[in-house]
K.L.:
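Take a look at the following structure, please.
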Amino acid sequence: MIAFEELLDRFVGLDRRELTRWVENRWVLPERRDQTWIFHEIDVARVELILEVRREFTIDDEVLSLVLGLLDQVYDLRRQLRRLCDALAAQPPEIQAAVRRALPRQRN
Amino acid sequence: MAQTPYEVLGVKPDASADEIRKVYRKLAKQYHPDLNPGKPEAEERFKAVSAAYDLLSDPDKRARYDRGEIDESGAERPPRSYYRGYAEGAEGRKYQPEGEMDLGDLEDLFAAFGSAGRGWRGRGGEGFKARGGDRLFTLTVDFVEAATGAKKRVSLAPEQWLDVTIPPGINDGQVLRLRGKGGPGLGGGPAGDALIEVHVAPHPLFRRDGDNIQIELPVSLAEAVLGARVTVPTVTGPVTMTIPKGSDTGAQLRLRGKGIQRKKGPGDQYVTLKVVVGPSGDPELAAFLEKWAPRHPFDPRQGMP
């Protein structure tokens, strides 16, 4: 958990105006606390992701917004899939085996 | 800027073991310290080349370096925290798009994919194998344990323990990898690794300086002037040390082999003396000093402006 100023120091090439805009665009959702923003670990990792995407692919805000939207959907699906897998893993072996048999084989 | 071992040797990352050996032999001859007397830069280069060859000539270490598990010096590298590591956990719900489905109950899931009421199909599925996930643990050891090495237990789950050998000289934040002690594999796949991030707690007396240990030792005026034998704590237990006659505050004495207990050769402990007069001062000493006219007076602040 780190504050706005510390986060600016952590990454080279991250400037104040840009990070502020990301928060205003709701691309990053830090916690508002006493006149400043507190970034949790997930927010820091997300800032690093955005920085890297911007650096590796020269894309404008509109495209970045689209990319983040799609990423959030993918991760949402993966999170739900994981819950389903956890629920399956907690089932007795015979139920797991039945599910495995029922999964249609994927062919390339 | 750190160089990769490939850059140090000047070979491509896909160079064969043979090629690496040839380049190493050539560079080692070129920079050998005995063949370059009086050229410290050659010795530096020789050390770098040897270290790079040490890593690249071992197929196991080379593979681990290529996978990013260890750095140029062969030390374990902590895994970077990627966004996905958080996004798939519960905290990722913060960035959940609005109006997305939730697996509250199976009906929602079936409805989302239109698969309700199809019944059992009874097709033969194929077993699959997957390597288990790596698990990251943190462990705090005290200063002495880090200096001498120790055996510690990490709790994986209630009633489940993992024995960890802490090598002497471990650094704060260093990561140990225990093969096969991570999450179980699926369908007969191999287990993942346990990664143990070790933290070293600071010590009230000892301070680490590479493989050496520094300690400040208070001594009385009499011990400093007349010399004495005193007991000094070390990481391997208390030892007796001789304070030479006429020692001053700031004098440094060395206890050989009492530093970090590396197997290949332990470091030393440096004891810095600090003369302490005592809380209230001794009236007899004060009386003596008042009468005392030194035959060789000196000014301790000589040379100060």
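Throughout, a chain's letter reflects where its sequence line sits, starting with A, and its residues are numbered from 1.
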K.L.:
Where on A:V28 is there a heavy atom nearer than 4.5 Å to chain B: the side chain, the backbone, both, or neither?
P.N.:
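The answer is both parts of A:V28.
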K.L.:
More than 12 heavy atoms of other residues, nucleotides or ligands under 6.0 Å from CD of B:E41: is that the case?
P.N.:
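Yes, because the 6.0 Å sphere around CD of B:E41 holds more than 12 heavy atoms from other groups.
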K.L.:
How about CD on A:E18, more than 12 heavy atoms from neighbouring residues, nucleotides or ligands closer than 6.0 Å, or not?
P.N.:
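Counting neighbours around CD of A:E18, more than 12 heavy atoms of other residues, nucleotides or ligands fall under 6.0 Å, so yes.
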K.L.:
When you compare the side chain of A:I42 with that of B:Y95, does any pair of heavy atoms fall below 4.5 Å?
P.N.:
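The answer is yes, as the side chains (C-beta and beyond) meet within the 4.5 Å cut-off.
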K.L.:
Suppose the criterion is salt bridge (Lys or Arg N to Asp or Glu O under 4.0 Å): which pairs have a residue in residues 22-32 of chain A, not counting sequence neighbours?
P.N.:
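Output for this query lists A:E31-A:R33.
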K.L.:
Looking at CD of B:Q96 and CD of A:Q73, how far apart are the two atoms once the value is rounded to the nearest 0.5 Å?
P.N.:
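Here the rounded value is 11.0 Å.
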K.L.:
Is it true that A:D43 and B:Y83 share a donor-acceptor pair across their side chains at a distance under 3.5 Å?
P.N.:
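There is no such pair between these side chains.
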K.L.:
Does atom CG of A:D34 have more than 12 heavy-atom neighbours from other groups under 6.0 Å away?
P.N.:
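Not more than 12 within 6.0 Å, no.
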K.L.:
Does NZ or CZ of A:R46 lie under 6.0 Å from the centre of the six-membered ring of B:Y86, at an angle within 45° of the ring axis?
P.N.:
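A:R46 over B:Y86 ring: no.
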K.L.:
Determine whether A:H40 and B:E91 make a side-chain contact, defined as any pair of heavy atoms from C-beta on separated by less than 4.5 Å.
P.N.:
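Answer no - side chains too far apart.
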K.L.:
Output side-chain donor-acceptor pairs under 3.5 Å for residues 44-54 of chain B, partner residues at least two apart or in another chain, one line each.
P.N.:
unit_1	atom_1	unit_2	atom_2	d
B:R45	NH1	B:Y31	OH	2.9
B:S50	OG	B:F46	O	2.8

